[in-house]
Visitor: 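My questions all concern the structure below.
Atoms considered below: every heavy atom in the structure, side chains included; atoms not considered: hydrogens, waters and symmetry mates. Chain identifiers are assigned alphabetically (A, B, ...) following the order of the sequence lines, protein sequences preceding nucleic acid strands; residue numbering begins at 1 within each chain.
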Number of protein chains: 2
Amino acid sequence: MLSKKTRYALKALVVLGKNFGGIPIQISRIAAEEHIPKKFLEQILLDLRNAGLLFSKKGSGGGYGLVKDPSEISVVQILRLTGGPVALLPCVSLNFYQKCEECENEDTCGIRDAFVEVRDATLKILTETSIADLILREKKLLEKFGL
Amino acid sequence: MLSKKTRYALKALVVLGKNFGGIPIQISRIAAEEHIPKKFLEQILLDLRNAGLLFSKKGSGGGYGLVKDPSEISVVQILRLTGGPVALLPCVSLNFYQKCEECENEDTCGIRDAFVEVRDATLKILTETSIADLILREKKLLEKFGL
DNA sequence: AAAAAAGTCTACTAAATCTATATGCTTTGT
DNA sequence: ACAAAGCATATAGATTTAGTAGACTTTTTT
């Protein structure tokens, strides 16, 4: 499961993505709109900023904005930045690899082998999906359901 | 990430799968071979037994065995039994669904939509992969690598 | 210049979950 | 009768996650 941190980050990036090119948006506004605890969101956006994804502006009229076009930010990138795991086993993770203590020989582990496949399938989707895609998906769903 | 409980369960089932049709295997033996804390494994195997996957025999010469052929036990079944999540978001889970508190309208959430795809891709693999497949994978890897 | 608006940074706490251990009980074979 | 093994529940310990607090800096407005 993704952590709340990761989920909140994705939510916030979708909001910022919709606003790409416009004036900065305040943390408090995103927090209110998306029902995210403000102080928690502060930390998350700060991380994303320090990773170079967002710019920020202090003082009145300040806030956050995307540095890059939303189509150039992949979902998998966000998961990794916020520590959300992609692989379901540590011994299968590309970015957060850890040896399975209980495993004798990783190279011949059938369980591991199966979960490599799962990882690759997941990775393919999450690499191909950008923040812009998330926004597009929402738009299409709105057309399909609501008005 | 899968919990240790789930990982231990899979490990144990592979051992039991290799022995399908033979005499029962003791918890202590599986624990020693697979480097799993014995008391923890006790609980896990008990759960699997109570779910109808394993039979057990008490007393001297007792132990555990698979009730069904290893080809008839899917990996996804084990994940669900041991509480391991398949979906990466609670609002996307088929068996452990929970509403996202912070989400206004699930039907039009682009994030959710993307993770439905991830879930389906994962589910496909894990449904098609049985304990017998895990054993087969190990065998093939042994041929490829070791002697 | 002062005040207000907003982000920055670090530390801490609380809650939940996961992992593991302990203890005593029951069943079965010798 | 005794030992081997599983059954069942309770509890402790560790780790992670989620959230809160508070003091500080920068920028704009008045």
Visitor: Does Arg49(B) put a side-chain nitrogen or oxygen below 4.0 Å from OP1 or OP2 of dG6(D)?
Guide: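 No, no such contact exists.
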Visitor: Expressed as a whole number of angstroms, how long is the span from Leu2(B):CG to dT17(C):P?
Guide: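 About 18 Å, once rounded to whole Å.
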Visitor: If the threshold is 4.0 Å, N to carboxylate O, is there a salt bridge linking Lys4(B) and Glu101(A)?
Guide: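 Glu101(A) and Lys4(B): salt-bridged.
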Visitor: In residues 91-106 of chain A, which residues come under 4.0 Å of DNA chain C by heavy atom?
Guide: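 Going residue by residue through residues 91-106 of chain A, none turns out to have a heavy atom under 4.0 Å of DNA chain C.
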Visitor: Taking NZ, NE, NH1 and NH2 as the nitrogens, is one of them in Glu138(A) or Lys18(A) under 4.0 Å from a carboxylate oxygen of the other?
Guide: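 Counted as a salt bridge, because a side-chain N and a carboxylate O are separated by less than 4.0 Å.
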Visitor: Whole angstrom is fine here: how far is it from CD1 in Ile23(A) over to P in dA5(C)?
Guide: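 Those two atoms, CD1 and P, are 17 Å apart.
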Visitor: Roughly, in whole Å, what's the span from CG in Leu41(A) to P in dT8(C)?
Guide: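 Whole-Å distance recorded here is 12 Å.
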Visitor: Between Lys144(A) and Asp107(B), is there a salt bridge with N-O shorter than 4.0 Å?
Guide: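 No, Asp107(B) and Lys144(A) are not salt-bridged.
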Visitor: Could you check Gln26(B) against Phe40(A) and say which one's nearest nucleotide on DNA chain D is further toward the 5' end?
Guide: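 Looking at the nearest nucleotide for each, Gln26(B) comes out on the 5' side.
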Visitor: Between Tyr64(A) (OH) and dT27(D) (C1'), how many Å, whole number?
Guide: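 So the OH-C1' distance, Tyr64(A) to dT27(D), works out to 15 Å.
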Visitor: Return the value, rounded to whole Å, for the distance between atom CZ of Phe55(B) and atom C1' of dT27(C).
Guide: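 Between C1' of dT27(C) and CZ of Phe55(B): 16 Å.
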Visitor: For the side chain of Ser60(B), counting heavy atoms from C-beta on, which of dG6(D), dG29(C), dC7(D) is nearest?
Guide: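 Given the options dG6(D), dG29(C), dC7(D), the side chain of Ser60(B) is closest to dG29(C).
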Visitor: For the CG atom of Leu141(A) and the CZ atom of Arg112(B), what is their distance to the nearest 0.5 Å?
Guide: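 Those atoms lie 9.0 Å apart.
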Visitor: Just the atom pairs and distances: protein N or O near nucleotides 23-26 of chain D's N or O, under 3.5 Å.
Guide:
| unit_1 | atom_1 | unit_2 | atom_2 | d |
| --- | --- | --- | --- | --- |
| dT25(D) | O2 | Lys58(A) | NZ | 3.4 |
| dT26(D) | O4' | Lys58(A) | NZ | 3.4 |

Visitor: Establish, with yes or no, whether the OP1 or OP2 oxygen of dG19(D) is under 4.0 angstrom from a side-chain nitrogen or oxygen of Tyr8(A).
Guide: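 Answer is yes, contact under 4.0 Å.
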Visitor: Distance criterion of 3.5 Å, no angle test: do you see the side chain of Gln43(B) paired donor-to-acceptor with the base of dT21(C)?
Guide: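 For Gln43(B), whose side chain was compared with the base of dT21(C), there is a donor-acceptor pair (under 3.5 Å).
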Visitor: Is any NZ, NE, NH1 or NH2 atom of the basic residue among Glu143(A) and Lys140(A) found under 4.0 Å from an Asp or Glu carboxylate oxygen of the other?
Guide: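 Judged by the 4.0 Å cut-off on N to carboxylate O distance, Glu143(A) and Lys140(A) do not form a salt bridge.
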Visitor: Apply side chain to side chain contact (heavy atoms under 4.5 Å, CB included) to residues Gln77(A) and Thr127(A) and explain how you reach the verdict.
Guide: CA-CA 8 Å; Gln77(A) 205 181 336; Thr127(A) 304; over 6 Å; no
Visitor: Of all the nucleotides listed (dA18(D), dC9(C), dT19(C)), which has the minimum atom distance to the side chain of Lys5(B)?
Guide: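 Of the candidates, dT19(C) comes closest.
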Visitor: Starting at the 5' end of DNA chain D, which residue's closest nucleotide do you reach first, Gly61(B) or Lys57(A)?
Guide: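 Per heavy-atom nearest nucleotide, the more 5' residue is Gly61(B).
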Visitor: Rounded to whole Å, please give me the gap between CD1 in Ile44(B) and C1' in dA20(C).
Guide: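 My rounded result for the distance is 10 Å.
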Visitor: Does the separation of the ring centres of Phe55(A) and Tyr64(A) fall below 6.0 angstrom?
Guide: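 No, the ring centres sit 6.0 Å or more apart.
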Visitor: Under the rule for salt bridge (Lys or Arg N to Asp or Glu O under 4.0 Å), what residues qualify as partners of Glu34(B), not counting sequence neighbours?
Guide: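 Checked Glu34(B) against salt bridge (Lys or Arg N to Asp or Glu O under 4.0 Å); zero matches.
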Visitor: Take the protein atom NZ of Lys4(A) and the nucleotide atom C1' of dT16(D), then report the distance between them rounded to whole Å.
Guide: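 It works out to 15 Å between those atoms.
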Visitor: Looking at Lys11(B) and Glu33(B), is any side-chain nitrogen of the basic one under 4.0 Å from a carboxylate oxygen of the acidic one?
Guide: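 Here Glu33(B) does not pair with Lys11(B) in a salt bridge, since their nearest N and O are not under 4.0 Å apart.
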Visitor: How would you label the contact of Ile27(B) with the nucleic acid (heavy atoms, under 4.0 Å): base, sugar-phosphate, or nothing?
Guide: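 Sugar-phosphate contact only - Ile27(B) comes under 4.0 Å of backbone atoms but never of a base.
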Visitor: Give me the one residue out of Leu126(A), Thr122(A), Leu123(A) that meets side-chain contact (heavy atoms from CB on, under 4.5 Å) with Leu79(A).
Guide: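 Passing option: Leu126(A).
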Visitor: Write down the distance between NE2 (His35(B)) and C1' (dA20(C)), rounded to a whole number of angstrom.
Guide: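 Going from NE2 in His35(B) over to C1' in dA20(C) covers 17 Å.
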Visitor: Report yes if a side-chain nitrogen or oxygen of Ser56(A) is closer than 4.0 Å to either non-bridging phosphate oxygen (OP1 or OP2) of dA6(C); otherwise report no.
Guide: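 Negative; the distance criterion is not met.
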Visitor: Does OP1 or OP2 of dT17(C) have a side-chain N or O of Ser3(B) closer than 4.0 Å?
Guide: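 Answer no for this pair, as no side-chain N or O of Ser3(B) is under 4.0 Å from OP1 or OP2.
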